[in-house]
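The structure presented is a predicted model; accordingly, all values stated were derived computationally and were not measured. In each ligand, atom 1 is the first atom listed, and ligand 1 is the first ligand listed.
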Amino acid sequence: SNGSHNADPSANGICRYGKTSKDAPLGRYAAVRAASLQLAAPLSAEDQCVQSMPDASPTKWHLGHTTWFFETFFLEAHLPGYKSFSSTFPYLFNSYYETIGPRQPRPRRGLLTRPTLEEVLAYRRHVDSAMTQLLQHPLSSALMDLLDLGLNHEEQHQELILSDILHLFAQSPLHPAYDPRFRRKTTEASPQGLVGTLRTGRPLGHESEWLAFITDGGYKNPLHWLSDGWAVAQQESWTAPIYWVPADDTWMIMDLDGLHPLDPDAPVTHISYFEANAFATWANARLPTEQEWEFAVTTRGEALREVFDVAWQWTASAYSPYPGFRPAAGANSEYNGKFMSGQMVLRGGAATTPRGHTRATYRNFYHPQKQWMLSGLRLARDVD
Ligand code: AVJ
Ligand code: FE
């Protein structure tokens, strides 16, 4: 892991914590597990039970699922004599592992009023105490790798908790703030562009530029759009990014700090690949491939801003296996490999990504029509 990003730990009012692979396993485990609870702390039990759409999960489910992951892959498999917490929780908290067994359908996770939040928290304590036992002994290198996976998995769900709670709160007429101190960063001047065959005017589209795209009829002109994107934009009547709320003759933006006026200097966030691509076409530019993105960041990273700590950046690359990719052995072969169809790669990191989680080679991925995660864009232009 690389903890050099997000230099100001309190920048967003979002909990950041220390975690490097040099730390002892038990310390790393405890820090990551505690961070999930800290993220949930501002939320009521009601907030944590509701599911706003099939892609989003209740916070309570995230807290149970990450616990199930350690119970299933560590404790059941590697702690002799481990007593499972409940015979029904594996059905409730298995996400998508066909090889593990049947599960609650994803769109119905919000119907789980039972177990109560208290019971899920007791599940966490039960698993944490067994994990503490396991981690006190020296770990084989296979178990060390599995611990990396389990901790990175929980960190991915920490970011998902925030994406999902924002989507939930955006449905509320009260527009609640998750954390009134959360502030999106505004883009500093960044004249330098990408190197090699590319350059960028500015790294991320500002809200004022996105506004220009809208007022120029960007959402109404099929010529900017990919056919699949145009179809979903019509189907779902897209006129602006999902968290833009019309107000008189301007826009308000819903974010983790609640509803606030559009900030012309803030980078645009929560956009689908289709919107990013349409904007790039309109702006006479394109999205970089993931190889171009990585080359620029690893060779000229210090000249680029907002690489890891504002919004994940869509690339023009499909989430396909690299040559030589082999899924992990066993049930965890289902972790990533089976999703390598129909999704696009995002690079970088976001304001909601746990500190030290991401790196220049990290491949995030989502379906091209999804908008609720903390996505943004970085433009590329061919040098003529
Ligand atoms: C990498 C964010 C697309 O949400 O499915 C969570 C993360 N993997 N549990 C997802 C993940 C397994 C993954 N994304
Ligand atoms: Fe998961």
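Rounded to 10°, the angle formed at the Fe ion (ligand 2) by His65 NE2 and His153 NE2 is 90°.
Residue contact check: Phe365 has heavy atoms under 4.0 Å from atoms 1 (C), 3 (C) of ligand 1. Short contacts between ligand 1 and Leu160, defined as distances under 4.0 Å to a heavy atom of the residue, involve ligand atoms 4 (O). Within ligand 1, the atoms closer than 4.0 Å to a non-hydrogen atom of Tyr366 are 2 (C), numbered from 1 in the order shown.
What sits closest to atom 14 (N) of ligand 1 on the protein, heavy atoms only, is Asn364 OD1, 3.9 Å. Counting protein heavy atoms only, atom 11 (C) of ligand 1 is closest to Gln156 OE1, 3.3 Å. For atom 5 (O) of ligand 1, the closest non-hydrogen atom of the protein is Tyr96 CE2, 4.6 Å.
No side-chain N or O of Thr315 forms a donor-acceptor pair with one of Arg378 less than 3.5 Å apart. For the residue pair His270/Gln371, the side-chain donor-acceptor check at 3.5 Å is not satisfied. Between the side chains of Ser36 and Glu154, at least one donor N or O sits under 3.5 Å from an acceptor N or O.
Of the candidates Glu154, His157, Lys370, His65, His157 brings a heavy atom nearest to atom 6 (C) of ligand 1.
A salt bridge between Asp55 and Lys370 is present, with a side-chain N of the basic residue lying under 4.0 Å from a carboxylate O of the acidic one. Taking 4.0 Å as the cut-off between side-chain N and carboxylate O, Lys60 and Glu119 do not count as a salt-bridged pair.
For the ligand labelled ligand 1, residue Tyr335 lies inside the 4.0 Å heavy-atom shell.
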Would Trp314 and Arg347 satisfy side chain to side chain contact (heavy atoms under 4.5 Å, CB included), going step by step from the backbone distance to the final call? CA-CA 7 Å; Trp314 284 109; Arg347 292 299 200 105; over 6 Å; no
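Residues Asp47 and Thr59 fail the side-chain proximity criterion, which asks for heavy atoms closer than 4.5 Å.
Cation-pi check for Arg363 over Tyr322 is met; the charged atom lies under 6.0 angstrom from the ring centroid and within 45 degrees of its normal.
The nearest N/O/S atom of His157 to the Fe ion (ligand 2) is NE2.
At a heavy-atom distance under 4.0 Å, only side-chain atoms of His153, from C-beta outward, approach ligand 1.
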